[in-house]
**Q** 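Structure in structure tokens, see below.
Letters A, B, ... mirror the listed sequences (proteins, then strands); counts begin at 1. Everything quoted here is computed from the prediction, not taken from an experiment.
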There are 2 protein chains.
Amino acid sequence: MAEDMLTQSIQQLKNHKIRVTPQRQIILTYLVTHHNHPSVETIYQDLETQLPNLSLATVYNTLKLFVDLGIVIELQNGDAGTHYDFFGRPHYHVVCENCGKITDVFEPDLSSVEVKAAEISGYLVTGHNMEVYGLCPDCQKALGVTQPSDLKRLNLNLSHSE
Amino acid sequence: MAEDMLTQSIQQLKNHKIRVTPQRQIILTYLVTHHNHPSVETIYQDLETQLPNLSLATVYNTLKLFVDLGIVIELQNGDAGTHYDFFGRPHYHVVCENCGKITDVFEPDLSSVEVKAAEISGYLVTGHNMEVYGLCPDCQKALGVTQPSDLKRLNLNLSHSE
DNA sequence: GTAGTTGCAAAGGATTTGCATTAAG
DNA sequence: CTTAATGCAAATCCTTTGCAACTAC
């Protein structure tokens, strides 16, 4: 399964006549096997044992390449940098506005929204990115928030909280 | 209508005991009356006649404040900086991957996705942000692309184009 | 062999911060 | 008055770039 995704993505590189370097294979493998929505820095640190001379610039370049190919998508969670996620199956994300945690959600399918958006806007639609914001279960407990009205008590930098 | 939105947003500042300074009023008015999805730099330049001593830092601070209050949302379009949009009525955006243009779409309502995401993830959901990617009508013409299969001919940095 | 990639360091650019000054309530 | 907000400049941090050395094909 993860193997398939990896093989398929490498084939995609070959189709585009993009060289399959060890760096690209290792970063790709990392992304296929980790669902932790890593930042560039996280990927860089996690791979330093496997690739001692790996350059941050290479991580940046490689991720940009993967994003352009549609293999990987970019995410923001309110922290400083950009996070990345292998996009083998369409899904979207729920982001915790308190701790920045990102959770995958595979339902419902939002392709109908793409169709509708194309009709209304006249764009030739190629994809989408959905982010839902909220408080993750852990932060709800930690903050003593269990219903929407509790949010008003908080002086957090929570967006969308009226 | 635009007046209402402005009054309502200013009331929101007062409710939060946030001072209603001329800078905040002018930036808010700008956002309520412009649907051009401006960057910080654009806002800064457009307001320099009205507020000769306006500081870029104030624009940044003010926008961050408005985002935290949920009055305004942030958008990325692939260009360098962040863009902003007054969020008086829920809507989402279609972004051109070639020229960066951003178009508002007010249908369909996606609140049901929030509900579903909350059920699945256990988050207390407060909002969402949907971005649909594609080629705007102008860029379709300019590039001679009229159907999805034409995208394969392009060597552009288009994400999601396989 | 040769064009595309890498690693490194330096450069670039968006955003934030510190602090004295100003002004909202 | 009191405290938050502003403006300015410097600082910070993420990301990109230039270029010589290297390597996938």
**Q** In whole Å, what is the span from the NZ atom of B:Lys64 to the P atom of C:dA14?
**A**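 These atoms are roughly 18 Å apart.
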**Q** Could you tell me whether the side chain of A:Gln140 and the main chain of A:Leu135 form a donor-acceptor pair under 3.5 Å?
**A**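 Yes; at least one donor-acceptor contact below 3.5 Å.
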**Q** Report the C-alpha distance between B:Thr126 and A:Glu97 in whole Å, list the side-chain angles of each, state the deciding distance to 0.1 Å, and finish with yes or no for side chain to side chain donor-acceptor pair (under 3.5 Å).
**A** CA-CA 9 Å; B:Thr126 55; A:Glu97 295 185 283; 2.7 Å; yes
**Q** With a 4.5 Å cut-off on side-chain heavy atoms, are B:Glu131 and B:Tyr92 touching?
**A**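 No; the side chains remain at least 4.5 Å from each other.
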**Q** Any ring pair (Phe, Tyr, Trp, His ring centres under 6.0 Å) pairs touching residues 58-83 of chain A, not counting sequence neighbours?
**A**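 For residues 58-83 of chain A: none.
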**Q** For B:Leu63 and C:dA14, give me the distance from atom CG to atom P, rounded to whole Å.
**A**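 Taking atom P of C:dA14 as the reference, CG of B:Leu63 is at 15 Å.
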**Q** Would you kindly give the CG-to-P distance between B:Leu65 and C:dT16, to the nearest whole Å?
**A**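 Result: 13 Å.
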**Q** With the criterion being N/O to N/O and under 3.5 Å, what pairs connect the protein with nucleotides 21-25 of chain C, and how long is each?
**A**
unit_1 : atom_1 : unit_2  : atom_2 : d
C:dA24 : N3     : B:Arg19 : NH1    : 3.3
C:dG25 : OP1    : B:Val20 : N      : 2.9

**Q** Does a side-chain heavy-atom distance below 4.5 Å link B:Asn129 with A:Met130?
**A**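 Not touching, per the 4.5 Å side-chain cut-off.
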**Q** State, yes or no, whether a side-chain contact exists between A:Cys99 and A:Cys136 at a heavy-atom distance under 4.5 Å.
**A**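 Yes - at least one pair of side-chain heavy atoms lies under 4.5 Å apart.
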**Q** Name the one of A:Val132, A:Val94, A:Val105 that satisfies side chain to side chain contact (heavy atoms under 4.5 Å, CB included) with B:Ile120?
**A**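 Among the candidates, only A:Val105 passes.
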**Q** Starting at the 5' end of DNA chain C, which residue's closest nucleotide do you reach first, B:Asn61 or B:Ala80?
**A**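 Whichever sits nearer the 5' end wins; that is B:Ala80.
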**Q** What is the separation between atom CD on B:Gln76 and atom C1' on D:dC14, rounded to the nearest whole Å?
**A**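 My rounded result for the distance is 13 Å.
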**Q** Could you point out which residue of B:Thr42, B:Asp104, B:Thr103 forms a side-chain hydrogen bond (donor to acceptor under 3.5 Å, both in side chains) with B:His37?
**A**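 Of the listed residues B:Thr42, B:Asp104, B:Thr103, the side-chain hydrogen bond (donor to acceptor under 3.5 Å, both in side chains) partner of B:His37 is B:Asp104.
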**Q** Does the A:Tyr30 side chain pair with the main chain of A:Gln25, one donor and one acceptor, at a distance under 3.5 Å?
**A**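 Judged by distance alone, no pair lies under 3.5 Å.
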**Q** Find the distance A:Arg24:CZ to D:dC22:P and express it as a whole number of Å.
**A**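 From A:Arg24 CZ to D:dC22 P: 19 Å.
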**Q** Could you tell me the separation between the CD1 atom of B:Ile27 and the C1' atom of D:dT6, rounded to a whole number of Å?
**A**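 So the two atoms are 11 Å apart, to the nearest Å.
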**Q** How many Å lie between OH on B:Tyr60 and C1' on D:dG7, as a whole number?
**A**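 Rounded to whole Å, this separation is 15 Å.
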**Q** Heavy-atom contacts under 4.0 Å between residues 34-58 of chain B and DNA chain D, which residues?
**A**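 Here the set is B:Asn53, B:Leu54, B:Ser55, B:Ala57, B:Thr58.
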**Q** Respond yes when some side-chain nitrogen or oxygen of A:Gln23 is under 4.0 Å from OP1 or OP2 of D:dA24, and no when none is.
**A**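 Answer no for this pair, as no side-chain N or O of A:Gln23 is under 4.0 Å from OP1 or OP2.
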**Q** Whether A:Thr82 contacts D:dT15 is assessed here as follows: a side-chain N or O lying under 4.0 Å from the phosphate OP1 or OP2. Is that the case?
**A**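 A:Thr82 to D:dT15 OP1/OP2: side-chain N or O found under 4.0 Å.
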**Q** Rounding to an integer number of Å, can you tell me how far A:Asp79 CG sits from C:dT16 C1'?
**A**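 Checked: the CG to C1' distance equals 15 Å.
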